Novice: 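Mind having a look at this structure? Questions to follow.
All residue numbers in this chain count up from 1 along the given sequence. No hydrogens, no waters, no symmetry mates; every other heavy atom, side chains included, goes into these values. Fair warning: this is a prediction, and the values are worked out from it, not measured in the lab.
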Amino acid sequence: MLAPRATLAPAIAGWDRRHLAQRRLDFSSRYGYAPDMTEGADHVWLIHDPLSPGDNAHAALFRRNWTTMLHTRWGGEQPERSMPAGVLDQVIQAAMAGTLTPAGFAALWRARRRSPAWVRSLLTAISAKGNRQRQIRVLRQVLSEQQIPRFERRLAALLAQNEPEGTAED
């Protein structure tokens, strides 16, 4: 499951302000609470971003012992978009074959570091906190492995800001 919603029933998930139009639907039937729908599964792999408060709260409702949480930090509400091509297919194939493990998933998820979309998301979050030095470190690391003109320009702009070293909050 990718960033699942346990339910949109206001009585259970009233804290979630996303998908307000769907709250008019009936969530009292057998299919209204996703954690109960997993009872027939041998194993459930739940992929979500623990830094997304809404997704993390929904994931916490999946408490069955056959559920394994797989965290996609900085993956946002659609972690599959941060995965390089083919990684989601590998995750699905391993899950279907019964060979998926948290360590195996972590190794596959690590490939996101080569995804410009994921790096942009990370840089946006770092920038929002005003952490210039951390942005520079991330950009230098990415650019040491691959050439991305947009990131090269961003690094040059950050370095040109003439902020004395050691004064930025880390």
Novice: May I have all residue pairs that pass side chain to side chain donor-acceptor pair (under 3.5 Å) and include part of residues 55-69, sequence neighbours excluded?
Specialist: Arg5-Asp55, Asp16-His58, Arg18-Asp55, Asp36-Arg64, Thr38-Trp66, His43-Thr68, His48-Asn56

Novice: Can you check whether Trp118 reaches Pro79 side chain to side chain, under 4.5 Å on heavy atoms?
Specialist: no

Novice: According to side chain to side chain contact (heavy atoms under 4.5 Å, CB included), who are the partners of Leu51, at least two apart in sequence or on a separate chain?
Specialist: Asp49, Arg73, Trp74

Novice: Working to the nearest 0.5 Å, report the span between OG1 of Thr72 and CG of Leu46.
Specialist: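 That separation rounds to 9.5 Å.
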
Novice: Assess whether atom CZ of Arg81 is packed by more than 12 heavy atoms of other residues, nucleotides or ligands within 6.0 Å.
Specialist: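 Not buried by this count: 12 neighbours or fewer within 6.0 Å.
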
Novice: Flag yes if Leu158 and Leu122 sit in one hydrophobic cluster, no otherwise; membership is Ile, Leu, Val, Met, Phe, Trp, Tyr, and two members link when side-chain heavy atoms are under 4.5 Å apart.
Specialist: yes

Novice: Looking at side-chain heavy atoms only, is the closest gap between Val119 and Ile148 below 4.5 Å?
Specialist: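 No, every pair of side-chain atoms sits at 4.5 Å or beyond.
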
Novice: Testing the 3.5 Å rule here: is there a donor-acceptor pair between the side chains of Arg132 and Gln135?
Specialist: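 The answer is no; no qualifying pair exists.
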
Novice: May I ask whether Ile136 and Val138 are part of the same hydrophobic cluster, defined by side-chain heavy atoms of I, L, V, M, F, W, Y residues being less than 4.5 angstrom apart, directly or through others?
Specialist: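 Yes, one cluster joins them.
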
Novice: Can you list everything that forms a side chain to side chain contact (heavy atoms under 4.5 Å, CB included) with Leu88? Sequence neighbours excluded, please.
Specialist: Leu2, Glu80, Met83, Ile92

Novice: Determine whether Leu70 and Val44 fall in the same hydrophobic cluster, where Ile, Leu, Val, Met, Phe, Trp and Tyr are linked whenever their side-chain heavy atoms lie under 4.5 Å apart.
Specialist: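 No; Val44 is not reachable from Leu70 via cluster members.
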
Novice: Please tell me whether Met96 and Met1 are part of a single hydrophobic cluster in this structure, the criterion being side-chain heavy atoms less than 4.5 Å apart.
Specialist: no

Novice: Do Leu61 and Ile12 come within less than 4.5 Å of each other through their side chains, counting heavy atoms only?
Specialist: yes

Novice: Does any part of the side chain of Met69, heavy atoms only, come nearer than 4.5 Å to the side chain of Phe62, both counted from C-beta?
Specialist: yes

Novice: Mind checking the CZ-CG spacing from Arg134 to Leu139? Nearest 0.5 Å is all I need.
Specialist: 12.0 Å

Novice: Verify side chain to side chain contact (heavy atoms under 4.5 Å, CB included) between Leu155 and Arg140, making sure each step is shown before the conclusion.
Specialist: CA-CA 8 Å; Leu155 177 60; Arg140 283 182 172 157; 4.0 Å; yes

Novice: Do you know the tightest heavy-atom contact between Pro116 and Phe151?
Specialist: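 Looking at all heavy atoms of both residues, the closest pair is O-CZ, 3.8 Å.
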
Novice: Hey, what do you get for NE2 (His71) to CH2 (Trp109), rounding to the nearest 0.5 Å?
Specialist: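 Result: 12.0 Å between the selected atoms.
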
Novice: As an exercise, state the distance from CD1 of Ile126 to OG of Ser121, rounded to the nearest 0.5 Å.
Specialist: 9.5 Å

Novice: Once side chain to side chain contact (heavy atoms under 4.5 Å, CB included) is applied, do any residues pair with Gln147, and if so which ones, sequence neighbours excluded?
Specialist: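 Partners of Gln147 by the side chain to side chain contact (heavy atoms under 4.5 Å, CB included) criterion, ordered by chain and then number, come out as Glu152.
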
Novice: Got a second to check how far Leu159's CG is from Gln161's CD, nearest 0.5 Å?
Specialist: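 CD of Gln161 is found 8.5 Å from CG of Leu159.
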
Novice: Considering residues at least two apart in sequence or located in another chain, which fulfil the side chain to side chain contact (heavy atoms under 4.5 Å, CB included) criterion with Gln141?
Specialist: Ser144, Glu145

